[in-house]
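First comes the structure, then the notes that go with it.
Keep in mind that the numbers below use all heavy atoms, side chains included, and drop hydrogens, waters and symmetry copies.
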Amino acid sequence: MKVCVFGLWHLGSVTAACLASKGIATVGLAETATAAAALNAGKAPLYEPGLDALVEQGLRSGFLSFTSDPAVAVSAAELVWVAFDTPIDDHDVADTSFVLGRVRSIFPYLNDGSVVLLSSQLPVGSTALLERDFSGVAEGRRVSFACSPENLRLGDAIRVFTEPERIVIGIRDGEARRMIEPVLEPFCD
């Protein structure tokens, strides 16, 4: 199983490093070549206790890498984990168009049978909207969409990810479940 984590700020960099720490082949898709280079040098985009060390461990093990090329990252993945921190404006209103636009940008690279798991904070109906949008450009490819709401806390994100009290996932089909369960199983005791 190969996972692409798309969106590498707090949620995404923690997700990618934690997946790699359990031996899951993970490639992080960065927005820029500069961001990918910093991560490939073991430098997380923000301070989170233990994150730089976990990124470095993943890089050394060969289970973690970063790129800014969606053709490389997405086309090699069976599971694309969307982990953008949803931006908000000065009035605390979320800019969901930012995240939705990023997901749509990878549509051409998604493989038949792959799964897109959305962890970015998006309103109800966003997953169904992306499913409909993808169906218009699918060209015969079947891609499943699922949702697992973000639940990390600054300063304690690695522990929260690796020792979750519960994992909530919205899944429409059995194929998505068969792809997601093996990725999450190492974090469930």
Side-chain angles (χ1 to χ4, degrees), residues 1-31 63-64 70 73-87 94-153 157 160-189:
M1 165 79 64
K2 187 153 193 174
V3 176
C4 169
V5 176
F6 186 30
L8 295 172
W9 189 247
H10 185 248
L11 174 60
S13 58
V14 169
T15 299
C18 288
L19 292 174
S21 76
K22 297 296 185 179
I24 298 166
T26 306
V27 59
L29 178 55
E31 291 283 306
F63 287 110
L64 183 60
V74 177
S75 63
E78 297 162 87
L79 173 65
V80 177
W81 195 319
V82 177
F84 285 99
D85 293 48
T86 306
D95 180 7
T96 59
S97 65
F98 171 83
V99 177
L100 296 173
R102 294 306 186 275
V103 175
R104 289 180 187 113
S105 76
I106 63 169
F107 283 178
Y109 309 106
L110 292 169
N111 291 314
D112 185 42
S114 62
V115 175
V116 176
L117 178 61
L118 303 165
S119 283
S120 299
Q121 294 181 359
L122 296 168
V124 171
S126 297
T127 304
L129 173 64
L130 288 168
E131 286 174 330
R132 283 191 304 274
D133 290 351
F134 181 76
S135 70
V137 297
E139 299 176 344
R141 293 173 291 156
R142 293 170 294 105
V143 171
S144 299
F145 288 80
C147 179
S148 181
E150 179 268 325
N151 65 351
L152 301 183
R153 291 187 289 271
V160 169
F161 191 96
T162 59
E163 301 171 21
E165 292 177 18
R166 70 187 63 80
I167 299 173
V168 176
I169 301 179
I171 299 175
R172 263 192 233 285
D173 63 60
E175 186 56 34
R177 183 180 183 134
R178 284 188 291 280
M179 296 284 271
I180 294 169
E181 277 185 347
V183 173
L184 296 177
E185 186 177 10
F187 304 101
C188 301
D189 287 334

Min side-chain heavy-atom separation Phe63-Ile24 under 4.5 Å: no
For the student: nearest non-hydrogen atoms of Ala77 and Ser114, plus distance: O-CB, 4.1 Å
Criterion side-chain contact (heavy atoms from CB on, under 4.5 Å) on Thr26 and Val5, from CA distance to verdict: CA-CA 7 Å; Thr26 306; Val5 176; 3.9 Å; yes
Within-4.5 Å side-chain heavy-atom neighbours: Leu118 and Val116: yes
Short side-chain donor-acceptor distance under 3.5 Å, Trp81 and Ser119: yes
Closest contact, heavy atoms only, Ser148 versus Ile167: OG-CG2, 4.2 Å
Pro149 to Val168 - nearest heavy-atom pair and separation: CD-O, 3.4 Å
Side-chain touch Leu117/Ile180, heavy atoms, less than 4.5 angstrom: yes
Contact summary for Thr127 and Cys147, nearest pair of heavy atoms: OG1-CB, 3.8 Å
Check: Val183 and Leu79 side chains under 4.5 Å, non-hydrogen atoms: yes
Heavy-atom side-chain contact between Val82 and Arg102 under 4.5 Å: no
Separation of Ser135 OG from Arg142 CZ (nearest 0.5 Å): 14.5 Å
Any Tyr109 side-chain heavy atom under 4.5 Å of Val80 side chain: no
From Asn111 atom CG to Lys2 atom NZ, the distance as rounded to the nearest 0.5 Å: 11.5 Å
Distance (rounded to the nearest 0.5 Å) between Glu150 CD and His10 NE2: 8.0 Å
Ring pair (Phe, Tyr, Trp, His ring centres under 6.0 Å) partners for Phe84, two or more places apart: Phe6, Phe98
Check: Val137 main-chain N/O paired with Arg141 side-chain donor or acceptor under 3.5 Å: yes
side-chain contact (heavy atoms from CB on, under 4.5 Å) between Phe134 and Leu110, intermediate numbers included: CA-CA 10 Å; Phe134 181 76; Leu110 292 169; 4.0 Å; yes
Side-chain touch Ile169/Leu184, heavy atoms, less than 4.5 angstrom: yes
Short side-chain to backbone donor-acceptor contact, Asp95 and Pro87, under 3.5 Å: no
Minimum heavy-atom distance Ser126-Leu100, with the two atoms named: CB-CD2, 4.3 Å
Side-chain ion pair, Glu131 and Arg172, N-O less than 4.0 Å: yes
Heavy-atom side-chain proximity of Glu181 to Ile171 below 4.5 angstrom: no
Distance, nearest 0.5 Å, that separates NZ of Lys22 from CZ of Phe187: 6.0 Å
Side chain Glu175, main chain Arg177, donor-acceptor under 3.5 Å: no
Smallest separation among heavy atoms of Asp173 and Ser144, with atom names: OD2-OG, 2.8 Å
Test log, rule side-chain contact (heavy atoms from CB on, under 4.5 Å), inputs Leu130 and Arg104: CA-CA 8 Å; Leu130 288 168; Arg104 289 180 187 113; 4.1 Å; yes
